[in-house]
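What follows is a set of notes on a single structure, which appears directly below.
Reminder, nothing fancy here: chain letters follow the sequence lines and each chain counts from 1.
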There are 2 protein chains.
Amino acid sequence: MPERNVSKSVIKRLPVYLRILDQLIQRRVDMVSSKELSNESGFTAEQIRKDLAYFGAFGTRGAGYNTVYLRERIIKIIGLDKKIDTVVIGAGNLGTALTRYNSAKNPYVNVTAAFDRDSRLVGKKIDNIEIFDIEEAPRYIGGQDIRVAIIAVPAAAAQEAADLVVKSGVRAILNFAPVKLHVPEGVHVHNADLTIELQSLIYYSSAEEERNERLKKETKDGKSDKSFPLE
Amino acid sequence: MPERNVSKSVIKRLPVYLRILDQLIQRRVDMVSSKELSNESGFTAEQIRKDLAYFGAFGTRGAGYNTVYLRERIIKIIGLDKKIDTVVIGAGNLGTALTRYNSAKNPYVNVTAAFDRDSRLVGKKIDNIEIFDIEEAPRYIGGQDIRVAIIAVPAAAAQEAADLVVKSGVRAILNFAPVKLHVPEGVHVHNADLTIELQSLIYYSSAEEERNERLKKETKDGKSDKSFPLE
DNA sequence: TAGATTGTTAATCGATTAACAATC
DNA sequence: TAGATTGTTAATCGATTAACAATC
């Protein structure tokens, strides 16, 4: 077996390497060292070498990695050697943006259809991608053998959407709805809740001293009957 | 000091707890156990208790957590007790969607302005949020004391956009552009590259056996002069 | 009180970092 | 060959899980 179960953290970094390699290849650079990949990615050179080593020995000692060859290997590893067909469930603002964005910016993915339950949207197109009624989804997904779906419906509709696509054969879901999806074993869900990303970032937007100030003040305000054990 | 430096993984989970508490409060539930939070979040109950314990003892043994009280503490911890003003840099498809999405779905955040360098967009509005010329950004961000910016410009323009907002006082950036941003110490960047999310998910969309099959075939094809050490 | 559930300490697990031999 | 950089093993670090005493 070429690989044992490689950790999620490793897999999440592979597309970053791929993106950098694509950029290097476009600039006609043909060799790259782990050090240079480190500069572009923000991961350490050691980590990059270790990540790649899970899948084989792709470099040349003393010289680095051939960009074209390494790119080829990575797209094979991820499974991007053929363009992947996906569908977007939900053709509201976010669904529309995701459909357009992936069509325009993601060279390894095709969005082949969008679905919505709003009959006013059905039949319309996002660029040249048609919006179908959500009822059509199982037949479409089954027929086209779609394995990957993007869910961009409101929270209340997300579980239903997930059940629908899973039943139709989808193996992996990129979920933009702010709920935990319950799916059968073997189906993978990545959450991309944009409000959560932003909120956790806000924690870091005030300096540490300010944060502590804020929290201390709260306890003194008498709004709280619990006190901090440390302090 | 109320908290030592708490790890990023912990901070990333806090908004998830917050979202669940908001939902519970809306349903007029007033107590919740770590077990129930676990069901809704997908994190283990032990982990949830430990996460919260970094900041204090917010629960009642035998009873669980008061939803309203715990929510109050979490929004204080993250720094969401006042609505946070943010700006969106880039008013293309993605920038527009993010502006709308955060206005509509993120109760803790205000998007107060969008910026673009395309003069055809300047002066227009996204819902009721005005699009200004990017040149106006420093004055606006400085004047309004904006600390958080969302970058949704093309890769080639992203570093320049980052430099601009950082110079103007921004402390935290949510970056949707597919490049690593170089920022001074103390400025926080979260990357939300949507193509990368989708690509790493694709790895899991084919069953393990298929993946191995694919990789084996490649080596036998003779396209490669390197062989896998294992197998 | 008895039952339930937190808060916290200890044990385990996994991921990152450091170091260096292999080798181009 | 000498210099450079990989691939890999060992050491460290950090995060998660397990266990349980505290206590409502």
Side-chain angles (χ1 to χ4, degrees), chain A residues 2-14 16-17 21 24 29-67 69-70 73-74 77 200 224-231, chain B residues 2-14 16-17 21 24 29-67 69-70 73-74 77 200 224-231:
Chain A
E3 83 228 43
R4 287 107 336 152
N5 52 335
V6 176
S7 85
K8 282 181 191 177
S9 349
V10 174
I11 301 303
K12 280 224 169 176
R13 288 190 290 265
L14 295 179
V16 179
Y17 306 148
L21 289 167
L24 290 169
V29 176
D30 57 40
M31 292 299 285
V32 66
S33 67
S34 57
K35 185 90 178 299
E36 292 164 313
L37 287 172
S38 170
N39 286 149
E40 295 299 318
S41 65
F43 308 123
T44 65
E46 296 79 3
Q47 186 165 57
I48 293 168
R49 293 202 300 276
K50 197 147 195 298
D51 284 352
L52 297 175
Y54 281 108
F55 303 97
F58 304 143
T60 307
R61 288 166 201 238
Y65 301 90
N66 178 287
T67 53
Y69 176 70
L70 183 57
R73 300 313 309 244
I74 291 177
I77 292 162
S200 74
S224 157
D225 53 344
K226 316 256 173 168
S227 64
F228 286 106
L230 319 165
E231 174 171 323
Chain B
E3 83 228 43
R4 287 108 334 155
N5 51 333
V6 177
S7 85
K8 283 182 192 178
S9 347
V10 174
I11 301 303
K12 281 224 168 175
R13 287 190 290 265
L14 295 179
V16 179
Y17 306 148
L21 290 167
L24 290 170
V29 176
D30 57 40
M31 292 299 283
V32 66
S33 68
S34 56
K35 185 94 179 296
E36 292 163 313
L37 287 172
S38 170
N39 286 149
E40 295 299 318
S41 66
F43 308 123
T44 66
E46 295 81 3
Q47 187 165 58
I48 293 168
R49 293 202 301 275
K50 198 147 196 297
D51 284 353
L52 298 175
Y54 281 108
F55 303 98
F58 304 142
T60 306
R61 289 166 202 236
Y65 301 90
N66 178 286
T67 54
Y69 177 70
L70 183 57
R73 302 312 310 241
I74 291 177
I77 293 162
S200 75
S224 157
D225 52 345
K226 315 256 172 167
S227 63
F228 284 105
L230 319 165
E231 177 170 318

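Rounded to a whole Å, the OH atom of A:Tyr69 is 15 Å from the P atom of D:dT6. In this entry the distance linking NZ of B:Lys12 with C1' of D:dT16 reads 18 Å, nearest Å. The CD1-P distance, from B:Ile48 to D:dT16, rounds to 12 Å in whole Å. Atom-to-atom, CD1 of B:Ile11 to P of D:dA15 comes out at 11 Å; the value is rounded to the nearest Å. What separates CG of B:Asn66 from C1' of C:dT6 is a distance of 15 Å, to the nearest Å. Atom CG in B:Leu70 sits roughly 11 Å away from atom P in C:dT6 (whole-Å rounding). Atom P of nucleotide C:dT12 and atom CD of B:Glu46 are separated by 16 Å, given to the nearest angstrom. Atom pair A:Arg13:CZ and C:dG14:C1' shows a separation of 12 Å (rounding to whole Å applied).
Near DNA chain D, defined here as any heavy-atom distance below 4.0 Å, there are no residues from residues 30-43 of chain B.
Looking at the side chain of A:Lys50, the nearest of the listed nucleotides C:dT17, D:dA15, C:dT6 is C:dT17. When each of D:dA15, C:dT17, D:dT6 is scored by its nearest atom to the side-chain atoms of A:Gln47, the top-ranked nucleotide is C:dT17.
Between B:Ser38 and B:Ile48, the shortest heavy-atom contact is N-CD1, 3.5 Å.
Here B:Arg49 does not reach the OP1 or OP2 of C:dG7: none of its side-chain N or O atoms lies under 4.0 Å away.
Judged by Watson-Crick or G-U wobble contacts below 3.5 Å, the nucleotide D:dA19 has C:dT8 as its partner.
Cation-pi geometry between A:Arg13 and A:Phe43 is satisfied (NZ or CZ under 6.0 Å from the ring centre, within 45° of the ring normal).
A donor and an acceptor atom sit less than 3.5 Å apart, one in the side chain of A:Arg61 and one in the base of D:dT6.
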